[in-house]
Structure formats: structure tokens, C-alpha cells
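Chain naming here is simple, since letters A, B, ... match the order of the sequence lines and numbering starts at 1 in each.
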Amino acid sequence: MNVTTSLHRRLLVWLLIPSIILGTVLLFQAYASARDGANRAYDRLLDASSRVLAEQVKWQQGHLWFDVPASALDMLAPNEERVFYTLVDNQGRFVSGNVELPALPRRSLPDTHSYEFAAATIEFEGMPLRLGVRRARLSDWDRNDHFEIRVAHTMESRQQLTRALIEGSMLRFAGISLIAIAAAFAAIRAALLPLRRLRHAIKARSAHDLSPLALPVPHEVRELVNALNELLARQRQARAHQQRFIGDASHQLRTPLAGLSARAELALRSQDPTHWREALTAMLATSNRAARLASQLLSLTRLQANETPAEKRPVRIDLLARNALNTTLAHQRHRTMDFGLELPESPVIVMAMDWQLEEALANLIDNATRYGAQRITLGVTAMPPALWVEDDGLGIALDKRREVLRPFYRGQEDGQGSGLGLSIVASIVEAHGATLHLLSGADGKGLRAIIEFSSTDAEHIL
Amino acid sequence: MNTICGVALWIGLTLSFNAQAEDVHFPASVEPARHLIIEGALESEVFTPVLAAFHATHPDIELTYRNLDTRTLFAQYRDQPQRPTADLVMSSAMPWQYRLANNANGDTLGNAIDPQWPTWARWRNELVGLSFEPVVIVYRRELIEQIGAPRSHAELVDVLMTQRDVLKHRVVTYDPRRSDTGFTYAVEDARLSPQYWTLVSALGEVQASLTDSTAAMLEGLESGRYLIGYNLIGSYAYAAAARNPELIVRIPSDYALVNQRLALIPHNATHPDTARLFLDFYTHPAGQRVVAERTSLGALSPALSGKGTAASLRAQHGDALRPIQLGPGLLALVDPLKRESVMTRWQREFERAQPVKSPPGTAPEPLNLPAHSTGEHHDTR
């Protein structure tokens, strides 16, 4: 059964199907017992009638003699049944009758061999008949031959009685069924009531209300409510985090904007164009920083808001590192900095989102340039697949390597960074299920940042 | 002597029946024609007015009626004949007709029968009683002047005992051995009263003539050969009395059997639909009015009253009327052993006062019944 169908229907189906099966069995039994009852009632007629007939059988002038009493035949038909009778001698030969009725079918013979009367339902010339057979013997002085009286009638009265009896059972059964169905509906309704209350409680909430649900619920549903409450708690935390982030971001943006305003005001007071030029140069630097901050905020938000992760595709990270270096070189033409690249001989492929990895590499390189590096080396290792960036700059103190991953935390108070670069890298690494290692560079100077992918991602491709 | 005549007459009749059944034919006057063939043990003379009236309402039906004797009818239909048969079969021999229906030789009558039709004249919607015919005593008018008219069975016995000389050879009744109808009456008489056996021996004492049909009895009565006839079919007797004022019909005042013509549609009928149309016409008031006014069959429909209806007969004779019950008890009369048993008794009573000599033809046949013959015993004609 489909798990998504309604609980209501599931419960109904599981309650009703066994009831229907049980009911059918009961009805069959009721029918069988009604039929047996009707047969018992009307077999008495066969019994009595055959008895009267048997009393009329005599031995006379060398053969069985039979004066059929009309009353015995009348007795055979409680309604307008067709009636049949046959007298058979001790050899099983037909002596008299309006048809030649067969003997009792073997399966209907009573257990005892010396039965007097037995009855069975047979098919005779296309008609269902109830056949009664009486075994008797002559009670004359000189003869005591056996003979058999067979009587039969069609089954209309029996069927009528059976129908009347079964109709009673059917009526009672229908009544019980109706009550049972009503009870099942009521029970299901009552059982599902806590779920409905829960639904109403959740529906009635405002979008901002993330407080835990406080509802009296049965313990089967309490699990669900607990899970819901845990989710809500996480939501609350996430929202607080978000609010703090927005606050920090606003604060960070306000500082350069305030600086811009102050500088512009100061410049406007002066009449000297050289002051204006100085001011404009300073303002350009500040606004560049602000623009960079805004774009970093944007990319961080984009990373974190990415609820449905984009499809990962196989990416050659060795080519990626080369391209990142080329891009950096293109932008850093005026600086004097030493860039290096270390690549394995064979291509390295991981499942990744290439634009995110590009962003991460750009941030790591940018960080290195901002924190006093003269030499920056990009590298790729194959086992395990990893990207790394090493510089000889200021590095990060061992005890701060965790904190620098938080947004707006700066390794250097006077640094030029926005405090978002490593946060962005950390988010990307997390989105890829990879690990970020921050180590000291060669000779204990600078920083070596490694993005190490889980090897299964790579093996998947190889 | 008379019985020899009777046998001769019977053989003659049988031969003529076998050679050419007595037909009544109404050609269709409208095209396309439908057909209806009725076979019955009912004299054409009595039945024709009904057939004519039916034909008048259904001129598109080509109607053929064949009058056959009861034994021929039964022999034709007893074993579910597979050949096409007549569409409606009527017979006054109730036990044999009931035996046909009981052994599933009849088709359903559908909705043909008027719902008002008395239930005691219907069985399973396969068999329907169409007439109400008392079994009567007929005597000649001169009998009243000579010895007075017997009004009941008891008076009849009395007259037979006391006026033996006058009545010798001048009483006629059915021979139960040769006529199924006569046999039926004998068994029913015996069932109603043990006095019947006294009557039989009284009949034997006057050496009553035994015939095989009401027609033969009426013929003898009309010609003056007989003074009294016992157990005649009322419908024929009334018709004869209407022709001949010398005949007087008497319904016995103590009890009178009432016979019914039973009709069924054979299961292999060629035109069962027109047969149902006929029954529909016959049992509804329009047809019943014809039955009451123009036949002596007795109209059964409770919608009618007055002359010629069962209702008026009941009003006049009340409790005395004993309709032969339409039920499984009739089957006993078809039983060959039962027949032998009754006939032995009958023969003994009839010959009780007679000289031992038995003329050929009336002698009690030796009772060497083939014990393993199948079913009904019809060959002892």
C-alpha cells in the first residue's frame, strides 16, 4: 500500500477487510445451517409418507402388492411440489411407482448398515430432488422379504424455508455490520483527533512564532511533537544567527559609508584641489573595500541560502587550479608577487560545483595577498584528492584557526580584509562534504590551507 | 350380452378415432396467420362455442381442435415426446393429466391465467382446471311413474335392491377397467363412502351394463335401452337432456363428485404462445361468459354468477359437491398395483350376487400383473 494514502483509509481498509471476510464466512455458515434446518424439517414428511406407504406393501399372489394411499402422496407435497415414489423389491427391481427413483447415493448412506430411513439431495432428470429411502420388510406369516420405498419431492418449500431463515440472519448481520462500520468510523475519528488538533495548532501559528508546541498528545504522537519542537529550536537558532549576521553586515557596511561621508565633508570645506584629489583617492579605496564587502556578503548569502544543492558534476581540479592562477595573474599585473603551481602528472577529478570551487580558491588567494604574502603557491594532490594554497604571509595563530571561520572575524585587527573570506571558503567546503585544514606554511611561516575531498567522490569517477 | 355390445362399440369408436381424429377447424381470416392446435378429451359439440368465440376475437389464429380419448392423449405425452406436439392438451382423466404435469411434461402457463382464477384449480402454473362438471345420475322420465326417482346414492341403492326385476339389464354405468374416467370415479366414490361397495354389488345384482364412455351411456338412455345411468359426466348429460326431454339429470343430494378438465401446454408445443392466448381468453370474464352461457362446462371465474357457473352450482347444491382434489393424491390412481387392488375389490363386489359363470369379455382377468412392467397399466382395455 502506498504510504502516502490517508491514515483514515488505511485504518478503514484494515478494519473492514477482515470484517468482510469474517462476515462472508459467517453468512455461509448461516446458509448451511438454514439449509440443514429446512432439510430436517421437511425430511420428516418424507419419513412419515414413506412409513405410510410401507405399511401398504403386502405379499399377494406371488409378488409384492401395493395399495398406494392417496393421503401419503398428498403428505409428500407441503406446497405444490412434484412428488415421486418407487417401490423396489429385495433384488432392487422396480415394482411400482410413477418414476424409477435411484437408490441413495453412496456418499449419503448412513454409517450404520441397518438404517430404516435416510434422505439425500439428488439430481434426477435435471431436477434437484430430495430423496428419502425407507428400508422395510414384509410382516406376513410366511414371507419376510425386504423391500425399499423411495419417495422424493422437488425442493421449493425447503428453499423457501431456507430463504426465510437466511433472510433473518442476513438482516441481523446487516444491522451488526452497520453498527460495526459506524463504530469503526467513530473510533478512527477519535484516534486521529490528536493529529487533527496538532494540525490546527500548527496552522493557527503566525509565521514568526517559533516557540515549542505545548499540546496534550498521546505518546504515539509525542514523538512527532518532540521532533517538531527540535526542528523549531534549530529554526530559532538559525534565525538568531541570521539576525546577528545581518546586524554585523550592516555594521560593517556602515563603517566605510560613514568614512566616505566624513571624508567628503572634510574635502568640501577645503578650497584646495590637491586636498580634493587626496580625498577622492582615499574615498575610492574605501568604496572599493565596501563594494568588495558587499559582493562577499552576497556570495556568502548565496552559498547559505542554497537550500537545494546544485547538481555536482565531475570537475578536473588540476585544471581548475591552473585557471584560478591565470585569473589571479591577470588581475595582479602591477604587483610584484611570486606565484607557484604544483600539479600531479595525471588529471584529478572530483564531484563538485566548479563555480564554488573557483570562488573558494579566489578567496584563499585574495586572503594571502591581503595578509602580507610575497610568495603564493597553488597545488593539487591526487591521493587523497585535495586543493591547497600556501603563502609566506602572517599566518594565523594556532588558537585562532577555528574562530577565523566565523563571519566578520578578522585575523588581524588592522587588516584590510572584510572578515568573510574564510567563512565563504568554509561554507563551500561544507557544501562539498570536504574538509578544510588550516596549517602553518613551510618553515613555520604563513598559512597552508588544504581542501581535502572525500576519496569516495574521486573513486566514483575513476 | 350388453357388455359384449359395449366392447364392440368401444372398439368401433377407437378405430374411428385412430383412423381420423374428430377435428374442428377454423381457418385464419387475417394474414399473417398464427396457429393453435388443441388436443382434448372433450366432445367437439360441447367445446365448439368456446373455440368459435376465441376465433372471433383472434381471427388471425388458425385453430384446430382434435377430440381424442384420454388414453390416447396420455400415451402420446407421457414420456416427454421430443417431436413437435399440439399446443394445448386437455383431459377429463385428472390423475393421468396430473401425472403428465408432475413428471415435468408441461411448460409454464406464463401470465395466461386470470389472477382471480381459484387456486384449487391451479397447480404450479403448469396445470389448470378449466371446468366444473358434476358427476350425475341420469334417468328416463318414465322411471318416475314406475318407481319414483332416486335423489341420492342411498336412494339409488334402495331402488336397485327393491326394484331388481324392473331394472335388470336396464342400468348403465362406467366400466372402471376400460375407462380411466370411470376408474377415477370408482376410486373417489370408494374414498368418500364405504357404502359405495354396497352400490357396486347392487349394480351387479341388476346386471348393470358397463360402458367406456358417457356418450355410450347417453345413447342407450336416449334409445330407451336403459332407465338409469350412474356416474355420467354432467356436461354431456345436460347437453343430452337439453335435446331430449325424456332424460332427467340429477345431481345426487348426499354427495356429488365434481370433475375438472385439466389443461397443460406440452413442453414441446409448437405454438405455446397462442396456447397461452387461448388460456388467457378462456379464464378471463369474456371467455367465461361464453362458457357459462353456451356450454355446460361450468364457468369457474369468481367474476361471474348465475346459470352455468360453478358459483350457481355451489349455491344450489352446497356441501354435496365434492370436487376431485387437484393434488399428488391423484398419482395413486395411476399406480398399476393400486389399480389392480381396486379392480379386484370392484370385481368381487360386482359379481357377489351373480352366478359364477362369467361371460367372455367381462370375466375378471387373472391377476398376473407383470410385476416389473414400467409404470402405468394401460393395456387392459
Side-chain angles (χ1 to χ4, degrees), chain A residues 45-46 49 52-54 56-101 123-129 145 147 149 151-157 160, chain B residues 74 78-80 94-96 98-106 108 119-128 184 187-188 190-192 267 324-345 364-377:
Chain A
L45 287 183
L46 295 180
S49 165
V52 175
L53 286 171
Q56 296 300 321
V57 178
K58 309 254 178 329
W59 185 266
Q60 206 164 322
Q61 300 178 10
H63 58 81
L64 284 176
W65 193 255
F66 190 28
D67 185 356
V68 185
S71 57
L73 297 180
D74 279 329
M75 193 195 297
L76 266 180
N79 219 321
E80 288 189 331
E81 279 77 7
R82 302 178 200 281
V83 310
F84 304 99
Y85 70 95
T86 307
L87 169 63
V88 171
D89 69 9
N90 56 355
Q91 305 293 312
R93 283 174 307 199
F94 173 86
V95 177
S96 185
N98 63 339
V99 290
E100 285 192 50
L101 286 172
E123 175 104 358
F124 180 72
E125 291 180 357
M127 290 179 278
L129 291 185
D145 291 28
F147 62 90
I149 291 281
V151 289
H153 58 197
T154 47
M155 318 248 292
E156 290 87 355
S157 287
Q160 241 167 18
Chain B
F74 181 72
R78 58 176 292 182
D79 291 319
Q80 299 207 346
M94 291 176 71
W96 284 266
Y98 186 88
R99 154 72 169 71
L100 286 181
N102 182 68
N103 289 31
N105 288 291
T108 174
T119 50
W120 51 264
R122 313 171 65 167
W123 184 79
R124 279 181 85 96
N125 204 32
E126 289 177 21
L127 193 62
V128 59
T184 308
V187 174
E188 293 294 324
R191 191 148 80 152
L192 282 171
H267 84 111
I324 298 174
Q325 291 297 316
L326 177 54
L330 288 174
L331 289 174
L333 278 71
V334 188
D335 190 274
L337 290 179
K338 168 86 170 182
R339 186 187 192 85
E340 287 306 321
S341 164
V342 171
M343 285 322 300
T344 311
R345 174 88 191 268
E365 289 170 21
L367 290 168
N368 55 346
L369 179 77
H372 313 119
S373 70
T374 51
E376 297 75 18
H377 187 62

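- Across every non-hydrogen atom of B/A332 and A/P69, the tightest pair is CB-C, 4.5 Å.
- Note that the OG atom of A/S71 and the CZ atom of B/R191 stand 8.0 Å from one another [nearest 0.5 Å].
- If you measure heavy-atom distances from A/E156 to chain B, the contacts under 4.5 Å come from the side chain alone.
- The side chain to side chain donor-acceptor pair (under 3.5 Å) test applied to A/T86 returns no partner, not counting sequence neighbours.
- Residues B/W123 and A/E81 approach most closely at CZ2-O, 3.6 Å, considering heavy atoms.
- Taking both residues in full, the closest heavy atoms of A/R82 and B/A101 are given as NH1-O, 2.8 Å, listed atom of the first, atom of the second, then distance.
- Pairing each heavy atom of A/G97 with each of B/D335, the nearest pair is N-OD2, 3.6 Å.
- Between B/P328 and A/L76 there is no side-chain heavy-atom pair separated by less than 4.5 Å.
- Side-chain atoms of B/N102 and A/V83, non-hydrogen and from C-beta on, do get closer than 4.5 Å to each other.
- Taking the side chain as every heavy atom from C-beta outward, A/F84 and B/N103 approach each other to under 4.5 Å.
- The two residues B/G327 and A/D74 come nearest to each other via the heavy atoms C-OD1, 3.9 Å.
- Side-chain contact between B/V334 and A/N98 is absent, with no heavy atoms from C-beta onward closer than 4.5 Å.
- Using a 4.5 Å heavy-atom cutoff, the side chains of B/R124 and A/T154 are in contact.
- The two residues A/W65 and B/T344 make their nearest non-hydrogen contact at CZ2-OG1, 4.4 Å.
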